[in-house]
Participant: 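Sharing a structure with you now.
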Amino acid sequence: MAESPEHEGAAAPPPRRRTAGRRSGPPGGGWGSRLPGGGWGGRPPGGGWGALALALPAWLVLGVFFLLPLALMLGVSGAERGVYGGLRPVADLAAYLRSGAFLASYRQTLQALYLGIAWRSLWMAALTTGLCVAIGFPAAYALALHAPPRRKGLLLGLVVVPLWTSFLIRTYAWMFILRSEGLLNHLLLGAGLASRPLPMLYTGGAVIVGLVYGELPFMILPLYAALERLDRTLLEAAADLGAGRAAVVRRVTVPLALPGLVAGVVLVFVPSLGQFVVSDLLGGAHTMLLGNLIQNQFAVARNQPFGAALAFELTAAVLLLLAAGARLGAGRAAGAAGAGAGAAGKAANEASASGQPQRSWELL
Amino acid sequence: MTGACIGARILAALLALPLALACGGGPGDARGARRLNVYIWTNYLPAEVVSDFQRRSGIRVEIDTYSSNEALLEKLLSGVADYDLVVPSDYMLQALVAQRLLLPLDRRRLPGFANLDPRLLDRKFDPGNRFSLPYLWGTTGIGYDRLKVGAPVDSWGALFDPRWAGRILMLDDMREAFGAALLLDGRSINERDPAALRRAAARLRAQKPLVRTYNSSEFASLLAAGDVDLAQGWNGELAKVVAQDRRRFAYVVPREGGTLWIDSLAVPSTARHLDAVYAFLAYLLEPPVAARVVGGVRYASANRAARPLVDPAIRDDPAVYPPPAVLDRCELIEDLGTLTPLLDRLWTEVKAR
Amino acid sequence: MTHPPHPPRWPRALLAAHTAAVYLFLYLPIAVLMAFSFNRARQTAAWEGFTLSWYGEMLRDERLLGAVRNSLVIAALATVLATVIGTMAALAFAPAGSRPRRGRGATEVLLLLPVILPEVVLGAALLTLFGAWRLRLSLATVLIAHVVFSISYVALVVRARLAGLDPALAEAARDLGAGSWEVFRRITLPLALPGIAAGALLVFTLSIDDYVVTSFVAGAGATTLPLYVYSLLKAGVTPEINAVSTALLAVTVALIAAAHRLLRHEPGSAG
């Protein structure tokens, strides 16, 4: 509906304000890829004090019920395991600290065995994320750009609905489907496609299926959001300028959707790292991943210091990854947005190229 | 209608929901009614046994379940879990006693104590049974498909046999898995020699490609469904499968030995409803009640006086009530104390590769 | 304006097929779940006849109903609390123009930590805290835990929404003489509402389905649905679980549909 005015506007450099203003798309603007600095441009009510008052409850609740227990756990990670699984009481705190014994658990996490587990988990999470992108991007693209507008909400809702069933139950459903007496084998045997039941359950493949299944909606949603806010006129302009279909996707769509992609990757990668249920149920508990390892320390080995140390290291690693990704992704997003826009005609995009880059996780 | 208006209405609706639900009568809000909080293994108390008790005594029984001893320990260590009755396994009972998390039992309030099987009393994990009453007991062994395996199985070696590659199931339990390997080596399941433990770990690592899955909850159903031909498992569940088709399935405690496990009733030191607990314990000690428990869970009861009352099909099932010869070669699992981290590390190595 | 040559049909068809396959994939277990909640057979995949007996068993299961009630109560309360607190936090720290706010980095990390930290650790940490305070485990402790890990999700979602808002609207309002509070109430809040709603929905989902943290901090009589389902699964999968899931799904979908209808007349709530 707003298309034709934009077409005319794209030919001549419009004044900056109008580009960032209402005509650029549905009210509410886009995901910020075209806005200078993003943000709702306002101050919280009450100014600075208002901001403090607004933030106070969150800080209070999280401070008391999150940071405080976390500090306790940090202390636990520096302690030693007691005989029966509690903590060994420390007689002389000063001596204990001086001797560096409080780092024992952390030192243990650096052993080859555990680094190997971390590496395998990383790889598995990366594989899951990659598959989610490969499967999710085309689907999100179709939803955002090809689906009839009246159905979009419904279709998107349908993507979310599976999340409303218990994750555990959905995983058990997969077991039901994949096991020797399960649905798939039943169908295969019945259709004569197999002479004996295929062992599908308790394989690495089953784990990947389960992981991808659980995480796919979390990839589709941010991608959809990013693609949906995309200015179609840019794509059309690129096509007008002679870019083939694939080139349009590669050089305009993907770069412009990059923030959504980054958000999706974060939403899928991080939980995948800490997964343990799927590899236990669908993988036959063959592989010990980081999530299993940490879970084990708290559940079986009763070695809380070690478990806490592992968890904190995982958290720190992810934070670093996110920070690095934000710097990279943000820079890339700004540059890509500029490049993508450039392919569609520089005029329309002075704003975004000069604007402050969006931080990746703001798009979660 | 503005957005904020709608939002406010939704917020109000959401707030009203819990109030409505909570007023609908939640668990444990019956004022004046006595109450008992039980924390027990899944499927360890038949529903009709509980409801019968509730009817007789007027005490409302609240049951929460756990599926690992360590989860129980975690809750009791925190000191704020508010359970009146727990059912730890042998080695966990040992740990709980050592950490003074249990209340000594007043034997005078439990005349049914005499009904208990003396063989199960006065064990290392609770000398003199100051803190616990044995509840159910059993063995760990191998359930197998006779038609597929052919010859009768009588050794743990069957689980390590390459002939059955991909058709073997092991319990996802560190102590039980190591137990099988240690027994095969001729050692005790409570072996403390690190070298012997390492050898057992090597055996388990070599076995891993043969194992279809490590699973502690579905070993029986997977055997019954034909996903595996040999399954390490606890006798009760396997006995149920065997009873369904004796021609096809069998359960055996191998000749090298097996695990004898005893789960006991105990009272946490933080328990608040002591009258209710003693009433329930006395109830469970009654022979007819114990017999009904056995019928429901198909594990052997520690209640000797109940045995004549048990369904003959179960009573004469050697899988459920093993003969003395079998019991003699079984051992109780003991807590390994400071060796647990080593064992966990070895287990991690088995699982990680 | 001339139109570009019509693009070839086949990529679109392929895309549509791919998307259909994705939906099929997403719904296969759900369909199986629902179908077999009506199956007379207990374990096998063979269809043995239609029956509603599992639903009957589900309704007769007192512990199950109690668990459902607990879950709903906690989810509702957690949604309200977390949404309010999280939205306030998002408003306080949303990027406002190009001025970076002091302390934003710290808040970023604070908000991210509950999302990143493995749930096992959060659960164990909270249990330790409650133990140290001698705070008895109950529905209240579960509620606290749920609110704690939910605030971040709301804050992040709302902040993303706020980041995408058009600053020109707020500026225009201010130009027209609206005070800070009025701008907030009549421009920002309504525009942010879809984000807030999305955040609330997310919290509800997370709370209803949470197992790990809840297993640590639930006390006697505070069994929630996931805990109960887990114990049912350990006891052996029966179709009663299928019935439970189907029923819960149906109720949730109905709720969402109703909410969607309510919000449909909402200006600016595109998508």
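On a predicted model such as this, the values are computed, not experimentally measured, just so you know. Labels below follow one simple rule: chain letters A, B, ... track the order of the sequence lines, proteins then strands, and each chain is numbered from 1.
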Participant: What residue, out of A/Leu72, A/Val61, A/Leu168, has the most heavy-atom pairs lying under 4.5 Å from chain C?
Facilitator: A/Leu168
Participant: For residues C/Pro29 and A/Arg170, report the shortest heavy-atom separation together with the two atoms involved.
Facilitator: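 Looking at all heavy atoms of both residues, the shortest contact is CB-O, 4.3 Å.
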Participant: Please report the closest heavy-atom contact between C/Leu33 and A/Ala173, naming both atoms and the distance.
Facilitator: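 Smallest interatomic distance, heavy atoms only, reads CD1-CB, 3.9 Å.
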Participant: Which residue is it: A/Thr315, A/Val318, A/Leu314? I am looking for the one with a side-chain contact (heavy atoms from CB on, under 4.5 Å) to C/Leu117.
Facilitator: A/Thr315
Participant: A/Phe298, A/Phe276, A/Tyr213, A/Tyr141: which one forms the most heavy-atom pairs within less than 4.5 Å of chain C?
Facilitator: A/Tyr213
Participant: Among A/Ile169, A/Val270, A/Leu216, A/Val277, which residue forms the greatest number of heavy-atom pairs with chain C at distances under 4.5 Å?
Facilitator: A/Ile169
Participant: So what's closer than 4.5 Å to chain A heavy atoms on C/Val212: side chain, backbone, both or neither?
Facilitator: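 Interface part for C/Val212: side chain.
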Participant: Name the region of C/Val148, side chain, backbone, both or neither, that has any atom closer than 4.5 Å to a heavy atom of chain A.
Facilitator: both
Participant: With under 30° as parallel and over 60° as perpendicular, where do the rings of C/Phe25 and A/Trp174 fit, or are they tilted in between?
Facilitator: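 Tilted, since the angle between the ring planes falls between 30° and 60°.
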Participant: Which bit of C/Tyr230 is near chain A, if near means a heavy-atom gap under 4.5 Å: side chain, backbone, both or neither?
Facilitator: both
Participant: Side chain, backbone, both or neither: which part of C/Ile144 has a heavy atom under 4.5 Å from chain A?
Facilitator: side chain
Participant: List the atom of A/Ala58, the atom of C/Ile151, and the distance in Å for their closest heavy-atom pair.
Facilitator: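 Taking A/Ala58 first and C/Ile151 second, the nearest heavy atoms are CB-CG2, 4.4 Å.
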Participant: Which heavy atom in A/Gln295 sits nearest to a heavy atom in C/Val120, and how many Å separate them?
Facilitator: OE1-CG2, 2.9 Å
Participant: Testing the basics here: between C/Met88 and A/Ala53, what is the closest heavy-atom pair and its distance to 0.1 Å?
Facilitator: CE-O, 4.0 Å
Participant: Which atom names give the shortest non-hydrogen contact between C/Leu126 and A/Pro69, and what distance separates them?
Facilitator: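 Closest approach of C/Leu126 to A/Pro69, heavy atoms only: CD2-CG, 4.0 Å.
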Participant: Should the pair A/Phe176 and C/Phe36 be assigned to parallel (<30°), tilted (30 to 60°) or perpendicular (>60°) ring geometry?
Facilitator: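 Perpendicular.
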